[in-house]
There are 4 protein chains.
Amino acid sequence: MRTKDEHKKEALFKATVKLVNEIGFASSSVSKIAKEAGVSPSTIYVFFKNKEDLLVSTYVEIKRNMADAFLDDFDERLPIRDIIKGVWFSMLKYISNNLEKYDYLEQFANSPFGALVDKDALEKYCNPILNVLERGIEQKIIKNVNRELLSAFMFQPIARLANPRLCHGQAWGEEDIETAFTMAWDAIKL
Amino acid sequence: MRTKDEHKKEALFKATVKLVNEIGFASSSVSKIAKEAGVSPSTIYVFFKNKEDLLVSTYVEIKRNMADAFLDDFDERLPIRDIIKGVWFSMLKYISNNLEKYDYLEQFANSPFGALVDKDALEKYCNPILNVLERGIEQKIIKNVNRELLSAFMFQPIARLANPRLCHGQAWGEEDIETAFTMAWDAIKL
Amino acid sequence: MRTKDEHKKEALFKATVKLVNEIGFASSSVSKIAKEAGVSPSTIYVFFKNKEDLLVSTYVEIKRNMADAFLDDFDERLPIRDIIKGVWFSMLKYISNNLEKYDYLEQFANSPFGALVDKDALEKYCNPILNVLERGIEQKIIKNVNRELLSAFMFQPIARLANPRLCHGQAWGEEDIETAFTMAWDAIKL
Amino acid sequence: MRTKDEHKKEALFKATVKLVNEIGFASSSVSKIAKEAGVSPSTIYVFFKNKEDLLVSTYVEIKRNMADAFLDDFDERLPIRDIIKGVWFSMLKYISNNLEKYDYLEQFANSPFGALVDKDALEKYCNPILNVLERGIEQKIIKNVNRELLSAFMFQPIARLANPRLCHGQAWGEEDIETAFTMAWDAIKL
DNA sequence: GATGAATGAGTGTTCATTCAT
DNA sequence: CATGAATGAACACTCATTCAT
């Protein structure tokens, strides 16, 4: 028997992300994705159970990839503000350098497929960051408020800043980013 | 016969929003929308040029409706912080009470259709708010930074807090909202 | 609006029967049937809910048609043997003249679709014949045995005689048919 | 290694019959049959030229098996009526005990595949029975009519009685079967 | 001998849209 | 104005079969 070609799976992930960016979730059909990936539509069903499986797998793949990047130079021994600043910059950098992937996440989450993923399983990737926030609260550095609020003010604005659709192609300089982090920190610091 | 027309158009807007919420953008076909609205599929083409026109019109309709609500009890003569707090609470209230419409906006914006709307035309609804921010900057109450940053930290977190998909059904009490606004204000205030 | 074209429904029935005869139940696809009927595949879904509905409707249509033919010159006042002989000849004649339809019935019945039809509803067409058999039993003309046995020996052989697949194209003369009925009658008569 | 082969071929016959019974001719795909038999789809092409060959071979296999059973306790020296009664009971018994196989035969015969089998080759299995009928005719015990008529009245009703689809699950007692044979004999006896 | 990878052709069905009324 | 009839194009998916191993 022939051996399974993992390049094809990779190509399918790539094609899916690219197409969803170009023509949107709704219009990204199986056959278009196949053509973009340079395989036959039926080949997709060798690697994935069905279209849903392809889309969800692509999502999970990106999420895992992203979580790795966020925690890349994560160093627990630094002062709390510095740790968070590190993560914050990692996020902005990753998103800026992977706009296609980020856009896929957004479109995926804002679709009925979003409900299909095991959120809790994915959230455990964020635990190291959440733990740092907890420590900050204990040390009276960070406001002791609902954790969702902390996340919302720390990380949500990044989504906007990184999204060229929302910020009409505004390019952010080093200075702006520094300023932005200061604002995020002002929001959550005690 | 004018009245009948407008009823049908209204019904089509409603049906579109409802369906997109229930089954998503991709699965919301013209005929399903027509059936939900209680009209024939071809009737849609009496009111709209095509499917795209229907979706975009629905979007614009909601945007206009929303902007009205945001500026409902807008009073320029109040202190700046109070004005902004008023708008901020209006937004959260509107979104909480109109989750279906809000969800439609999200799905629409995160799709290639988003690019079809005249953003500038819509943004002029926000001018009164932006003007208040300008005054705050002049009066050294608000940080003099890129305006996108101000918007991002003022309003982006609301999107997260109001979105039950992202905050798994967390219900926000009066206190939480008060806290959240404090954080937003901390972020932008000088 | 355009008015529904009943000719097309008729053409679809005809095409279905013809194709099932030529290439069999298993190979008769929706698109082939559409092409044979000279309509678009999607037009089928204007007249029928789905493929199953088309096949079942075709079956029921033939059954009704057939029952009418069987009872065509049914005359209750004749002697019992003559009534049955009349029906018997009608059946053989109808089947011989409508081999395509008969073949469709056989293929349909010998398929999982067969289970989908409301058998009892169809059997009521046969009630007049069954009633005659009952009278024959009361009058001690016909054997008083399980009714299924009577049907099996009266009518089942017809299926074989009329089926050219089973009788390799044997053509039946007047005499043969007369003989065959005698045999059927010998089987059930007391 | 011969043994392994034949196990797989046997398993494929079994799987084919089972699947055709459960989901019908049309839906019984090569890959489903392979899965049911516990082999790879491509393995089928080791044993059979193609799908058609598999289906036809299964048919012939059953036919051979069945003919053996029919002539199991065939004893030429008995009186003619007893010989025929013996065969008749063997048929009914075999069919009742092998409904799956019988159902396969029916579905197969009522399909264009039916035309592909060499009928004459199969019919030679029936020669011993036909010879008995000839002797019965010579001895003026059996009606001297077209041989097809004799077969039709002798054996066709069995198909009906044994087919639970046609006789809605009617269970036949010893007495009923005795009666049924009497009717068959009445039909053909002089 | 036996297999899983791979595919072009085909499946049943729904799509957005037009047309005649 | 409003509609149901009608369709070509597309949909997600499965098919029988071949091929490299």
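By convention in this document, chain letters (A, B, ...) are assigned in the order of the sequence lines, proteins followed by strands, and residues within each chain are numbered from 1.
In this structure, Y59(A) and F108(A) have parallel ring planes: the angle between them is below the 30° cut-off, well short of the 60° mark.
In this structure a side-chain-to-backbone donor-acceptor pair under 3.5 Å is present from K32(B) to S27(B). Listed for the N21(A) side chain is a donor-acceptor partner under 3.5 Å among the backbone atoms of E100(A).
Side-chain contact annotation: Q107(A) with D103(A), donor-acceptor N/O pair under 3.5 Å present. For the residue pair E106(A) / Y102(A), a side-chain donor-acceptor distance below 3.5 Å is found, with atom types taken as modelled.
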Self-check item: Where protein sits on nucleotides 7-12 of chain E, one letter per nucleotide: B base, S sugar-phosphate only, - none, heavy atoms under 4.0 Å
Solution: BB--SS
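When all heavy atoms of Y104(B) and V17(B) are compared, the closest pair comes out as CD1-CA, 4.2 Å. Taking all atoms of both residues into account, the shortest heavy-atom contact from P41(A) to V30(A) is O-CG1, 4.4 Å.
If you measure from atom CD of E6(D) to atom C1' of dG1(E), you get 13 Å, rounded to the nearest angstrom. When the P atom of dC15(F) is taken as reference, atom CD1 of I33(D) falls 10 Å away, rounded to whole Å. If you take CG of L12(A) and P of dA6(E), they are 10 Å apart, rounded to a whole angstrom. One interatomic measurement links the two molecules: CG of L54(B) to P of dT17(E), which rounds to 10 Å at whole-angstrom precision. If you take CZ of F25(B) and P of dC15(E), they are 15 Å apart, rounded to a whole angstrom. Look at CZ on F47(D): it is 9 Å from P on dG1(E), rounded to the nearest Å. Remark: P of dC13(F) and CG of D53(A) are 10 Å apart, rounded to the nearest angstrom. Rounded to whole Å, atom P of dC13(F) lies 9 Å from atom CD of E52(A).
Within a 6.0 Å sphere centred on NZ of K51(B), other residues, nucleotides and ligands contribute more than 12 heavy atoms.
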Quiz item: Would K101(B) and L105(B) count as a side chain to side chain contact (heavy atoms under 4.5 Å, CB included) if you check the C-alpha gap in whole Å, the side-chain angles of each, and the deciding distance to 0.1 Å?
Solution: CA-CA 6 Å; K101(B) 288 182 182 173; L105(B) 294 185; 5.7 Å; no
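Nucleic acid contact class of F48(B) (heavy atoms, under 4.0 Å, all strands): none.
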Quiz item: Once Watson-Crick and G-U wobble pairs under 3.5 Å are found, how is DNA chain F written in dot-bracket notation, 5' to 3', with | for any base paired to another strand?
Solution: .||||||||||||||||||||
